[in-house]
Number of protein chains: 2
Amino acid sequence: MADARRGPRERMVFSAAQLIRRDGVTATGMRDVAAHAQAPRGSLQHYFPGGKEQLVGEALAWAGRYAGDRVARFCAGMAEPTPGGLFAAMVRQWTDEFESAGFAAGCPVAAATVDCAGSAAPVRAAAADAFAAWTGPVARALAGMGVPAERAGPLATLMVSALEGAIVIARAEQDVRALATVARELAPLLDGSVVRAG
Amino acid sequence: MADARRGPRERMVFSAAQLIRRDGVTATGMRDVAAHAQAPRGSLQHYFPGGKEQLVGEALAWAGRYAGDRVARFCAGMAEPTPGGLFAAMVRQWTDEFESAGFAAGCPVAAATVDCAGSAAPVRAAAADAFAAWTGPVARALAGMGVPAERAGPLATLMVSALEGAIVIARAEQDVRALATVARELAPLLDGSVVRAG
DNA sequence: CGCCGACTATGACAGCTGTCATAGTAGCGG
DNA sequence: CCGCTACTATGACAGCTGTCATAGTCGGCG
């Protein structure tokens, strides 16, 4: 949980992301973050002079980077990468977590958007950047699988949208049904978008 | 805003839904709800002895009912109903609101799920019911358009998932791009699921 | 040693939260 | 008129929030 190898600053960013995705931005207190990271409370104002907005913003940037990096790892793990296979891997990551760790935590970017889109502009912008850092690698991966360039971006947006929505529904229902459904129903459309060379 | 025709109780439920979808559950105070509904603060404990959980639960039930009822109205407004057309109408409702009223407010059910799934079980259950009250009519509408019974439910879940996710992304980006994308990309899949009679 | 910067510790601050207790008022049937 | 119910009004409560001010403690460098 509190990995001492990483510095206290990075630990707090990581902990903020974890608490946000569980309880939302508003319900996550600065003191909670410090305690969860096993970091001194006084370090908060030292490392994050911009206050809560800065901490939340960095947590979202971290989450976006993490999600984007995972995409490449999913592709590397597949024998013959297909769009439907990539989407299945993205979905499986969530079904695995829900089934092993429960439905308490969702996506931190979605949580921050829902909590702050109408109030804190900098956080909202950080959420948009995080989505971009996630959707971009997905679109590039699709293009690498033979999806025409002009369709890779829209399909990536569709994949992330469906996944985010299914995450929310799964948490409400406490059942991975919605995740399994979107993976199954979307696969033909995704795989059908590949243009075979030769 | 504060429709005097409806009683103060119903006004508070309505106001709660509006404030929740804008600021989230945690950031929405009981005093705010009473003020927004132009209802006396003392009425809160009178009409909602179950406290905030009851108020939020009723707001979600109202939202779910409202979304479900809209589906029938969308179908009635279409000359020849198709799955893609229904989804386009559901999406358009949101693009219209975002473009006219800004991106401050999203879906109250998603907001409550993100805020409470890990903490308040009754609210989480109310969110699940609200999703069911929304997805059910969508599935029945699909079935009425010629979609095989065993596919109507899953496709309805896919539609709601994609819409919810696109709403979140649109709010983060302050752009209806994601909504337009999911409507366009999903239409062929939806319309292709119709089995022609004869 | 002295000094300085990085980091930590702690207490205070005003403001807000949901909830409760208590009292008060209006309306109406009898 | 009483009495009752439905509803309103208001103040208090403990607990939490983000932020700030102030002081303290290291470690290393000259």
Side-chain angles (χ1 to χ4, degrees), chain A residues 2-20 22-60 111-112 115-116 118-124 126, chain B residues 2-20 22-60 111-112 115-116 118-124 126:
Chain A
D3 192 339
R5 259 90 53 103
R6 286 184 293 209
R9 202 201 127 99
E10 194 178 349
R11 284 208 315 271
M12 286 192 277
V13 172
F14 178 77
S15 289
Q18 278 208 265
L19 295 179
I20 287 169
R22 176 155 64 205
D23 304 320
V25 172
T26 313
T28 296
M30 302 287 264
R31 293 163 173 85
D32 301 339
V33 173
H36 184 274
Q38 291 187 287
R41 183 161 82 84
S43 298
L44 276 169
Q45 73 180 286
H46 182 72
Y47 290 117
F48 308 97
K52 191 176 190 181
E53 279 193 355
Q54 181 185 356
L55 177 58
V56 173
E58 296 203 21
L60 295 188
D115 259 23
C116 304
S119 51
V123 174
R124 197 223 79 235
Chain B
D3 193 338
R5 260 89 53 101
R6 286 183 294 209
R9 203 202 127 99
E10 194 177 351
R11 285 208 314 270
M12 284 191 277
V13 172
F14 177 77
S15 289
Q18 278 208 263
L19 294 180
I20 287 169
R22 175 155 64 206
D23 304 319
V25 171
T26 312
T28 296
M30 300 288 264
R31 294 164 172 84
D32 300 340
V33 172
H36 184 274
Q38 291 188 286
R41 182 162 83 85
S43 298
L44 276 171
Q45 75 180 285
H46 182 73
Y47 289 115
F48 307 97
K52 192 177 189 181
E53 279 193 355
Q54 181 186 356
L55 177 57
V56 173
E58 297 203 21
L60 294 188
D115 260 22
C116 304
S119 52
V123 173
R124 196 225 79 234

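Only this structure's heavy atoms are used, side chains among them; waters, hydrogens and symmetry mates stay out. Numbered from 1 within each chain, the chains take letters A, B, ... in sequence-line order.
- Between the side chain of B:T28 and the main chain of B:L19, a donor-acceptor pair closer than 3.5 Å is present.
- DNA chain C is contacted by both B:G50 and A:R31; A:R31 maps to the nucleotide lying nearer its 5′ end (nearest heavy atom per residue).
- Between A:L55 and A:M12 the shortest heavy-atom distance is CD1-O, 4.1 Å.
- Judged by closest nucleotide on DNA chain D, B:P40 is the one of B:P40 and A:Q45 placed further toward the 5' end.
- Taking CZ of A:R9 as the reference point, atom CD of A:E58 lies at 4.0 Å (rounded to 0.5 Å).
- First and last contacting nucleotides of DNA chain C toward chain B (any atom under 4.0 angstrom from a heavy atom, 5' to 3' order): C:dT17 to C:dA21.
- Taking OG1 from A:T26 and NZ from A:K52, the interatomic distance works out to 6.0 Å, rounded to the nearest 0.5 Å.
- Atoms CZ (B:R9) and P (D:dA6) sit 14 Å apart, rounded to a whole Å.
- Taking OG of A:S43 as the start and CZ of A:R11 as the end, the distance is 9.0 Å to the nearest 0.5 Å.
- In this structure a side-chain-to-backbone donor-acceptor pair under 3.5 Å is missing from B:D115 to B:G24.
- The nearest heavy atom of DNA chain D to A:M30 and to B:H46 marks one nucleotide each, and the one closer to the 5' end goes with B:H46.
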